[in-house]
Amino acid sequence: MSMKNLSKELSKLKVFDNPKKSLEQYPTDPYIAANVLWEADMLGFVKGKRIVDLGAGTGILGIGALLLGASNVVFVEIDLSVVSILKSNIKKVDLEFELGNHSIIHSDVHKPGIFDRTFDLSILNPPFGTNDSGADIAFLELAFKLSGVVLSFHKTSTTNKIISVAKSKGFKVIRRNDFRYPLKNTMVQHTKNVEFIEVTCFLFKKS
Ligand code: SAH
């Protein structure tokens, strides 16, 4: 599948009905998701790999990985109402494309004992810690425990902190892409139609 087609398929997915600010429910833009997944696949980290999508939301990252030929994706999402959208998104894509194995864990990612194995790659667009300070770092540290390669979105302003956490866990940055990330007018407190935040997607590998 080409990057353009991947982006097109991902743009058909349903997004959050009623996004919750407390859980920082912002969907990844389909074009951005397709770009970073495509690049990770070109580097050999997606096709045929076992992947975990942490804070999967409506599933754009994990579904993108499955469309690129991941052999197994585990989606982890805490919010039951979002899990039902996630299920229907996966089902729709699975009917049209022959997807690899996939499963959903409805849980807090930090609940002990939910993972019975490790993965080749963790993908995450986690809460940025705007609402729950430290949520971004907690997700990232979990990803570093679960896999030797991590694809993770963060606020660009937190770059120094993110890189120092990665270093302390023995990971180095092998790719980074900066985006102006469209926050569509999904939450009531937004007044302008579209706002942007600066977001960086890092690809980390254990050194
Ligand atoms: N990965 C999706 C969603 C990003 S929004 C995408 O890229 O579009 C962040 C998601 O993390 C939300 O769906 C939110 O409900 C979920 N989340 C927040 N805290 C969580 C936690 N502790 N455990 C599991 N999921 C969580």
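Order of appearance sets the numbers: ligands from 1, and atoms from 1 within every ligand. Owing to the predicted nature of the structure, the values given are computational and were not obtained by experimental measurement.
Judged by the shortest distance from any of its heavy atoms, Asp108 lies inside the 4.0 Å radius around the atoms of ligand 1. Judged by the shortest distance from any of its heavy atoms, Phe16 lies inside the 4.0 Å radius around the atoms of ligand 1.
Interface atoms of ligand 1 facing Ile60, defined by a heavy-atom separation under 4.0 Å, are 6 (C), 7 (O), 8 (O). Residue contact check: Glu24 has heavy atoms under 4.0 Å from atoms 5 (S), 9 (C) of ligand 1. Atom numbering of ligand 1 starts at 1 in the shown order; those under 4.0 Å from a heavy atom of Ser107 are 23 (N), 24 (C). Close approach of ligand 1 to Leu61 is summarised as follows: ligand atoms under 4.0 Å from at least one heavy atom of the residue are 7 (O). Less than 4.0 angstrom separates some heavy atom of Pro127 from each of these atoms of ligand 1: 18 (C), 19 (N).
Summary of contacts: the protein heavy atom closest to atom 17 (N) of ligand 1 is Ile78 CG2, 3.9 Å. The nearest protein atom to atom 23 (N) of ligand 1, hydrogens excluded, is given as Val109 N, 2.9 Å; this is a heavy-atom distance. Given atom 11 (O) of ligand 1, the protein heavy atom at minimum distance is Gly55 CA, 3.4 Å. Counting only heavy atoms of the protein, atom 20 (C) of ligand 1 lies nearest to Phe139 CZ, 3.6 Å.
The aromatic rings of Phe204 and His154 lie perpendicular to each other, with more than 60° between the two planes, well past the 30° mark.
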| request: Verify side chain to side chain contact (heavy atoms under 4.5 Å, CB included) between Glu198 and Lys155, making sure each step is shown before the conclusion. | output: CA-CA 6 Å; Glu198 312 281 328; Lys155 269 176 130 167; over 6 Å; no
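Using a distance-only test at 3.5 Å, with no hydrogens or angles considered, a donor-acceptor pair links the side chain of Ser2 to the main chain of Asn5.
Between Cys201 and Leu151, the closest side-chain pair of non-hydrogen atoms falls below 4.5 Å. The side-chain heavy atoms of Thr58 and Lys14, taken from C-beta on, include no pair separated by under 4.5 Å. The shortest distance between side-chain heavy atoms of Ser103 and Phe75 does not fall below 4.5 Å.
Under the 4.0 Å criterion applied to side-chain N and carboxylate O atoms, Lys12 and Glu9 are assigned as salt-bridge partners. We find that Arg176 and Asp178 are joined by a salt bridge, their nearest charged nitrogen and carboxylate oxygen being less than 4.0 Å apart.
Side-chain atoms of Asn125 and Thr28 include a donor-acceptor pair closer than 3.5 Å.
Counting heavy atoms closer than 4.0 Å to ligand 1, residue Ala56 contributes backbone atoms (N, CA, C, O) but none from C-beta onward.
For ligand 1, the polar-atom distance check finds an N/O of Glu77 within less than 3.5 Å of one of the ligand's N/O atoms.
With Leu80, Leu23, Thr28 as candidates, the residue nearest to atom 7 (O) of ligand 1 on a non-hydrogen basis is Thr28.
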